[in-house]
Amino acid sequence: MEIALNPHRLITFQRYINNLTFSSFKLPSRCAIKFPNFHFKSELGFFPRSFCCRSMVSLTEPIKVKEKIDLTEIEKKIFDRLLEVVRYYSRIDSNYKETQLRVAGGWVRDKLLGKECYDIDIALDNMLGREFCEKVNEYLSNIGEEKQGIGVIQCNPDQSKHLETARMRLYDIWIDFVNLRSEDYSDNSRIPTMKFGTAEEDAYRRDLTINSLFYNINTNSVEDFTKRGLAHLRSGKIVTPLPPKETFLDDPLRVLRAIRFGFVLKPPGFCYPVDFFLLKKKWTVSSGCCTAQCTIDLMISGNEPVKAMVYTCDLQLFWVVFSLPNQSETLMSEEYARRCVSYIDAAWRLLQVVGFSTFNDEERRLYLYGALFLPLRKSVYTDGKGKKVMKLHAASESFRSWIPFITSDKSEQFTEDSERKTFQVPDVSGQRIIAGKLLREIKSLWRVSLLISILISPTDFSRAGDFSEACAELDKSQELYKRIEHAIMELGLDNVWEMKPLINGKEIMNILQLKTGGPKVREWQKKSLEWQLAHPSATGEECQDWMRQELEAQTHCKRVKLEEVSSLE
């Protein structure tokens with residue numbers, strides 16, 4: 001994507017750019033990532049020339065943008081109803097004659113690109129969103145229709161929510177209502193002072209020109225107050241309405257939103273690295289983490305997660321976004337950040353080969369997060385957050401140690417991991433025990449964990465010397481994944497985490513002749529589960545019979561040992 005920022009405010013740092021180079025680094029994937037080299041284009045800014053990530057796309061043709069917005073039937077009903085409210089109250093209150101209803105932000109952008117969007121934000125020019133929602137309900141009551149509930153989201157500057165927003169459902173669609181605003185920022189805070197503004201002022205306070213477009217419901221027309229939003233949408237440029245330094249230092253979270261749409265690494269008008277140091281400092285002091293996490297989630301869940309993470313890393317914001325505990329500062333280096341990015345690149349390539357349909361959206365999201373943080377998988381982290389990713393890493397290590405036994409043709413190489421081998425089973429049953437216990441731990445995410453384990457298995461994409469060899473390595477990894485997946489299915493272990501124990505704690509206590517539970521009961525629960533995994537067709541009675549036989553055998557062994565000791569004495 002060609003990207004430029006504020007060409008009319010361009011400040012040239014030609015000398016610094018000429019000396020700016022980035023070295024490549026090794027990946028656990030089929031090639032090395034090289035950060036982009038930029039060439040200078042005086043009238044437009046900086047454009048990425050090349051990128052070694054497969055997911056990076058360079059646009060050579062203009063994007064098709066519709067001349068007008070085509071409304072769906074539901075959208076027509078919603079907008080007609082809102083206009084009815086305005087017309088109804090304009091006969092009572094002359095102020096409503098001036099009320100303009102505009103749809104703002106991403107809905108306008110997506111509709112012009114021919115995409116469906118259900119995130120409708122209505123911007124009002126002369127009243128609060130809550131006030132207008134109340135008028136909508138009054139109107140509904142007057143015409144004999146049911147009122148709708150109104151939800152008010154209070155302003156929360158710490159989470160980048162600078163303005164009160166009202167929500168209500170119309171025709172089963174949630175609509176947000178907010179007033180047009182103007183913002184003033186102080187030097188020591190990213191939290192602005194808010195006031196009513198014009199549509200043009202509201203457009204210029206937004207993060208990007210392509211997000212500053214309005215659809216005027218009253219006139220059924222698209223409004224481009226920056227005079228650049230439509231042009232940038234057609235050309236695929238990411239541009240800030242105001243100078244980038246002002247836009248990003250006002251609210252550092254806008255950098256993440258810019259990255260999400262394809263932000264260039266070094267915007268014109270920024271004195272790198274001085275201004276990015278100021279940005280990082282301001283972000284660290286006052287940025288709201290929840291909004292940042294949501295934006296990162298959208299990047300990871302999007303179509304180009306690798307490109308987004310590379311940009312975040314090259315802006316030296318990786319450890320600002322993914323902060324670690326203070327005791328982990330030794331890991332928060334650019335080297336570790338690049339290693340994290342290299343793993344998500346490898347994971348993305350492998351997912352493309354295995355097939356995107358393998359995972360649903362949430363599984364794909366967790367897979368990419370798990371891959372991103374593989375370099376940190378052996379770090380000790382006591383905070384309760386991120387448990388899913390840590391479980392994925394633990395299960396991936398278990399899969400990694402189990403894979404050689406599945407792929408080996410020599411059955412005698414298999415050994416059970418349990419320290420208490422209380423019964424003899426064939427190798428296939430032994431494999432079923434180990435795999436079953438692992439899948440019961442990780443549950444439905446076992447395919448995610450398996451694919452992550454292949455990233456850290458002996459297969460190393462970086463060993464490939466050329467493209468054809470790299471593709472062969474990817475094909476081998478795909479074959480390995482399919483082979484392990486097939487083995488698990490053949491063992492009948494899919495959904496094994498839903499398997500109920502054949503005998504419960506009370507039954508074990510009765511057999512052991514115990515009145516209360518304890519370590520002994522828990523030990524036999526684990527043993528009985530292993531026996532159940534080894535005997536998938538067994539019944540509860542058969543499991544109890546096995547347990548009694550095991551207890552009798554243990555009692556006999558103890559008696560024999562005591563007799564041996566007595567004879568020696």
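Once rounded to the nearest 0.5 Å, the distance linking CD of Glu542 with OG1 of Thr539 reads 3.5 Å. Put simply, OH on Tyr311 and CD1 on Ile259 are 9.5 Å apart, with the number rounded to the nearest 0.5 Å. Note that the CD1 atom of Ile484 and the OG atom of Ser453 stand 8.0 Å from one another [nearest 0.5 Å]. In this structure, CG on Asn360 lies 9.0 Å from CG on Leu366, to the nearest 0.5 angstrom. Atom-to-atom distance recorded for Gln544:CD and Asn510:CG is 8.5 Å, nearest 0.5 angstrom. The CG atom of Leu376 sits 4.5 Å away from atom SG of Cys340, with the distance rounded to the nearest 0.5 Å.
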**Message:** The test is side-chain contact (heavy atoms from CB on, under 4.5 Å); show your working for Arg169 and Ile173 and say whether it passes.
**Reply:** CA-CA 5 Å; Arg169 286 178 76 91; Ile173 301 292; over 6 Å; no
**Request:** Using the side-chain contact (heavy atoms from CB on, under 4.5 Å) rule, take Leu350 and Val354 through it: C-alpha gap first, then chi angles, then the decisive distance, then the call.
**Result:** CA-CA 6 Å; Leu350 184 56; Val354 171; 4.1 Å; yes
**Request:** With side-chain contact (heavy atoms from CB on, under 4.5 Å) as the test, would you mind laying out the steps for Leu374 and Ile344 before giving the verdict?
**Result:** CA-CA 9 Å; Leu374 271 175; Ile344 195 174; over 6 Å; no
**Request:** Check the pair Trp348 / Phe356 against ring-ring contact (aromatic ring centres under 6.0 Å, His included), numbers first and verdict last.
**Result:** CA-CA 10 Å; Trp348 185 251; Phe356 286 103; 5.2 Å; yes
**side-chain contact (heavy atoms from CB on, under 4.5 Å) between Thr358 and Tyr481, worked out** = CA-CA 11 Å; Thr358 304; Tyr481 172 82; 3.2 Å; yes
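Of all heavy-atom pairs spanning Val496 and Gly436, the tightest one is CG1-O, 3.9 Å. Across every non-hydrogen atom of Val389 and Gly370, the tightest pair is CG1-CA, 4.1 Å. The shortest non-hydrogen separation linking Arg364 to Ile300 is NH2-O, 3.6 Å. Taking each heavy atom of Ser449 and Phe399 in turn, the nearest pair found is OG-CD1, 3.7 Å. Taking every heavy atom of both residues into account, Gln532 and Arg432 meet most closely at O-NH1, 4.4 Å. Closest heavy-atom contact between Lys443 and Arg440: NZ-O, 3.4 Å.
Listed for the Gln478 side chain is a donor-acceptor partner under 3.5 Å among the backbone atoms of Val353. Ser528 places a side-chain N or O within 3.5 Å of a backbone atom of Gln525 that can act as its donor or acceptor partner.
A salt bridge is absent between Glu441 and Lys437: the closest approach of a Lys/Arg side-chain nitrogen to an acidic carboxylate oxygen does not fall below 4.0 angstrom. A salt bridge links Arg400 with Glu397; the closest basic N to acidic carboxylate O contact falls under 4.0 Å.
Taking 4.5 Å as the limit, some side-chain heavy atom of Met499 sits within range of a side-chain heavy atom of Leu529. Here the side chains of Leu512 and Leu551 are in contact, with some heavy-atom distance below 4.5 Å. Side-chain contact between Ile488 and Arg447: absent, with no pair of heavy atoms (C-beta onward) separated by less than 4.5 Å. In this structure, the side chains of Ile511 and Trp524 stay at 4.5 Å or more apart for every pair of heavy atoms. Ile503 is listed as a side-chain neighbour of Ile508, based on a closest heavy-atom distance under 4.5 Å. Looking at Lys527 and Glu550, their side chains never come closer than 4.5 Å, going by heavy atoms from C-beta outward. Within the 4.5 Å cutoff, no side-chain heavy atoms of Asp119 are placed close to those of Trp174. Looking at heavy atoms from C-beta onward, Ile120 lies out of side-chain contact with Asp176 at the 4.5 angstrom threshold.
Residue Glu498 qualifies as enclosed at atom CD: its count of foreign heavy atoms under 6.0 Å is above 12. More than 12 non-hydrogen atoms from other residues, nucleotides or ligands lie less than 6.0 angstrom from CG of Asn495. Environment of OH in Tyr118: sparse, with no more than 12 heavy atoms of neighbouring residues, nucleotides or ligands closer than 6.0 Å.
With sequence neighbours excluded, the residues forming a ring pair (Phe, Tyr, Trp, His ring centres under 6.0 Å) with Trp107 are Phe79, Tyr215, listed by chain and number. Among residues two or more places apart in sequence or in another chain, the salt bridge (Lys or Arg N to Asp or Glu O under 4.0 Å) test is passed with Arg365 by Asp297, Glu362. Every residue two or more places apart in sequence or in another chain was checked for a salt bridge (Lys or Arg N to Asp or Glu O under 4.0 Å) with Asp494, and none qualifies. Applying the salt bridge (Lys or Arg N to Asp or Glu O under 4.0 Å) criterion to Arg109, with sequence neighbours excluded, gives no partner residue. For Phe322, the ring pair (Phe, Tyr, Trp, His ring centres under 6.0 Å) partners two or more places apart in sequence, or in a different chain, are Phe318, Phe373.
For residues 499-518, no pair satisfies salt bridge (charged side-chain N to carboxylate O under 4.0 Å, His left out), with sequence neighbours left out.
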